[in-house]
Amino acid sequence: MKLDANALRYLTKDDFRVLTAVEMGMRNHEIVPAELVDRIAGLKHGGTYKVLRNLLKNKLVHHDATKYDGYRLTYLGYDFLAIKTLVNRGVFASVGRQIGVGKESDIFEVATEDGTVLAMKLHRLGRTSFRAVKSKRDYLRHRRSFNWLYLSRLAALKEFAFMKALGDHGFPVPTAVDCNRHCVIMSLVQGYPLVQVKELQNPDDVFDTILGLIVRLAEHGLIHCDFNEFNIMIDDDEKITVIDFPQMVSVSHRNAQMFFDRDIECIYKFFNKRFNLTSEKNEEQDGSESDGEGNTRPSFLSVKKTAGSLDKELAASGFTRKEQVEMEKYIDEDAEGHDSGSDDDDEEEEVGDAVPIDSLRIDQDHNDEPDCNLASRDSGVPGSFSEEHGTSCSGENRLESSPSGRNGDAKEPLESEGKMLSQEDEDNDDSLSDDDEEEKDAELTKKLNKQRKKAIAAAHGRRRPVSSRNAYKDKGKGTMNSKIQRQACKW
Ligand code: ADP
Ligand code: MG
């Protein structure tokens, strides 16, 4: 079933208000009682119920009357909330075509007001492996925090924090622009996943560069954990960009050595198979770590000695130790799950109702709030997140905040502490924050604005000319660049 992709254009303030109310209700309810939604949204004359019907029609919410009359967000509803927030912030103005489908994500092009094309990654944890999630749900039954929104938001927050830190330390990664809920905005990489590349001019150099990156990462205290041909982008000049960071771990992780070796092994295998690398490097492939000649396969133990502290910096930043542990629990369960680069078993209606958003165009509503209150928003700024409302990638406590509320628990309608949206809130989904928080974070607001501008400018600087020398890498579908250009024109 396909959504009218233009739905977002026609959604009213009340629609967003009610959608936000459902999101808030999901802090404590897997299925939010309709009365609670009504109470949070605070629309007059039973308006909430009418709006809910509209949201349901557009598949932004799912109706569940099993235990009581209730609703929950679909992934699409969650997408729209994140998109709306980011558009209001001025991060981008329109959404274009889908450019990637990851194991647990969808990637779209988005364009800023001035036409800069960026990449938007929507995390979809629990989508491709919903059966696994179900079993995890049993395993995690007692943990209030387990929730697909929560996990997806954690993944986005982590990805954003890591991408930003890696970029700041000179690693070739996309520029981290912004993040909200389960959505990360980054610069668009002008290249192709290595897996699509059949030929390289200098496979030895590329191989060395890639291995060097794994080692340098470990020297900085980090292991990618999914370092393979699907997560390495390469451009016409054979320049490498690494993507996809939610699964990264510290070198102090108990399985660090195994993850490190696995990353190295993936690269050896791929280059051997695809480029038939016959250099002495590859002769070590099946053997031990060292051939006694000094030209050895990178060894985790020797790297670790010089380990830096990026992992500690990150642990002290926006992505906290607790969140790392939460993610790792999920990742560990999924340990074998290496990137397949495609998502072919999208079976689980129940979680996401993931619907393609084709050429979705959002008309910026200039009557929207001036969006001056960034204080409570998520950002890449460490330790700055508001715990008050649920609109950000951070503030993860929101799903755990009620001592009595457990996901899936059917509370009596209206029993919950659902906070009513004030009328001034309008559809500003940042408006759910606490005033005190706002003041406290006023300085942060400035920083965030600066950072965003810088990031967008940096992303801008990375754009490359339209033509691509590597048309063959595009599998005959026309070059990536030309497609982007065409699309950008439409916008
Ligand atoms: P997942 O975590 O689901 O594997 P990825 O981050 O690896 O998602 O992205 C999936 C695909 O989307 C990539 O293989 C790549 O083709 C595309 N992609 C992701 N990020 C970007 C980007 N910044 N620029 C261009 N393409 C991207
Ligand atoms: Mg990937």
Side-chain angles (χ1 to χ4, degrees), residues 102-105 123 125 154-174 176 184 193-194 207-233 240-271 284-285 289-290 296-341:
K103 199 171 47 170
E104 292 187 302
S105 73
H123 285 266
L125 265 71
L154 265 193
L157 172 63
K158 180 174 177 185
E159 176 142 59
F160 184 79
F162 277 61
M163 204 187 318
K164 173 114 190 31
L166 291 173
D168 289 350
H169 283 78
F171 283 92
V173 297
V184 178
L194 189 56
F207 179 77
D208 283 344
T209 305
I210 292 174
L211 283 189
L213 276 173
I214 301 179
V215 171
R216 196 150 71 86
L217 268 176
E219 284 170 354
H220 279 74
L222 294 171
I223 301 166
H224 187 283
C225 292
D226 207 2
F227 207 102
N228 57 40
E229 61 274 26
F230 297 98
N231 292 326
I232 297 169
M233 307 283 283
I240 297 298
T241 307
V242 184
I243 58 168
D244 202 358
F245 313 102
Q247 66 294 317
M248 284 185 86
V249 299
S250 158
V251 288
S252 57
H253 188 281
R254 65 190 181 289
N255 295 326
Q257 176 152 9
M258 186 270 280
F259 290 139
F260 178 89
D261 290 345
R262 195 176 67 179
D263 279 357
I264 297 275
E265 178 68 15
C266 275
I267 300 305
Y268 267 82
K269 263 197 180 142
F270 176 74
F271 273 80
E284 298 140 30
Q285 191 150 355
E289 290 200 333
S290 170
T296 58
R297 182 183 285 225
S299 140
F300 178 67
L301 291 176
S302 64
V303 169
K304 206 183 166 186
K305 284 180 202 124
T306 62
S309 57
L310 199 45
D311 56 334
K312 293 189 188 81
E313 271 176 50
L314 277 159
S317 77
F319 199 74
T320 64
R321 177 86 198 124
K322 181 182 145 267
E323 291 154 357
Q324 178 74 24
V325 169
E326 295 277 312
M327 275 295 287
E328 278 173 13
K329 276 185 184 140
Y330 181 80
I331 293 163
D332 285 353
E333 286 288 295
D334 228 16
E336 325 79 68
H338 247 222
D339 222 326
S340 68

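No hydrogens, no waters, no symmetry mates; every other heavy atom, side chains included, goes into these values. This chain uses plain numbering: 1 for the first residue, then up along the sequence.
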Spacing of [atom1] belonging to [X] relative to [atom2] belonging to [Y], to within rounding of 0.5 Å:
| X | Y | atom1 | atom2 | value |
| --- | --- | --- | --- | --- |
| Met163 | Phe171 | CE | CZ | 14.5 Å |
| His253 | Met258 | NE2 | CE | 8.0 Å |
| Ile267 | Arg297 | CD1 | CZ | 11.0 Å |
| Asp261 | Tyr268 | CG | OH | 11.0 Å |
| His123 | Glu159 | NE2 | CD | 4.0 Å |
| His220 | Leu166 | NE2 | CG | 8.5 Å |

Would you say the side-chain atoms of [X] pair up with the backbone N or O of [Y], donor to acceptor, closer than 3.5 Å?
| X | Y | value |
| --- | --- | --- |
| Asp263 | Phe227 | yes |
| Asn231 | Asp244 | no |
| His224 | Ile243 | yes |

Which atom pair, heavy atoms only, marks the closest approach of [X] to [Y]?
| X | Y | answer |
| --- | --- | --- |
| Val303 | Glu219 | CG1-N, 3.7 Å |
| Leu125 | Ala155 | CD1-CB, 3.6 Å |
| Leu222 | Val251 | N-CG1, 3.8 Å |
| Cys225 | Val249 | SG-CG2, 3.5 Å |
| Ser250 | Ser252 | OG-OG, 2.7 Å |
| Gln247 | Lys158 | C-NZ, 3.8 Å |

Could you walk me through whether Phe160 and Phe245 pass ring-ring contact (aromatic ring centres under 6.0 Å, His included), step by step? CA-CA 8 Å; Phe160 184 79; Phe245 313 102; over 10 Å; no
- Task: Could you tell me how the ring of Phe260 sits relative to the ring of Phe300: parallel (under 30°), tilted (30 to 60°) or perpendicular (over 60°)?
- Result: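 Geometry flag for Phe300 against Phe260: tilted rings.
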Can I get a per-line list of side-chain donor-acceptor pairs under 3.5 Å for residues 210-217, giving both atom names and the distance, sequence neighbours left out?
none

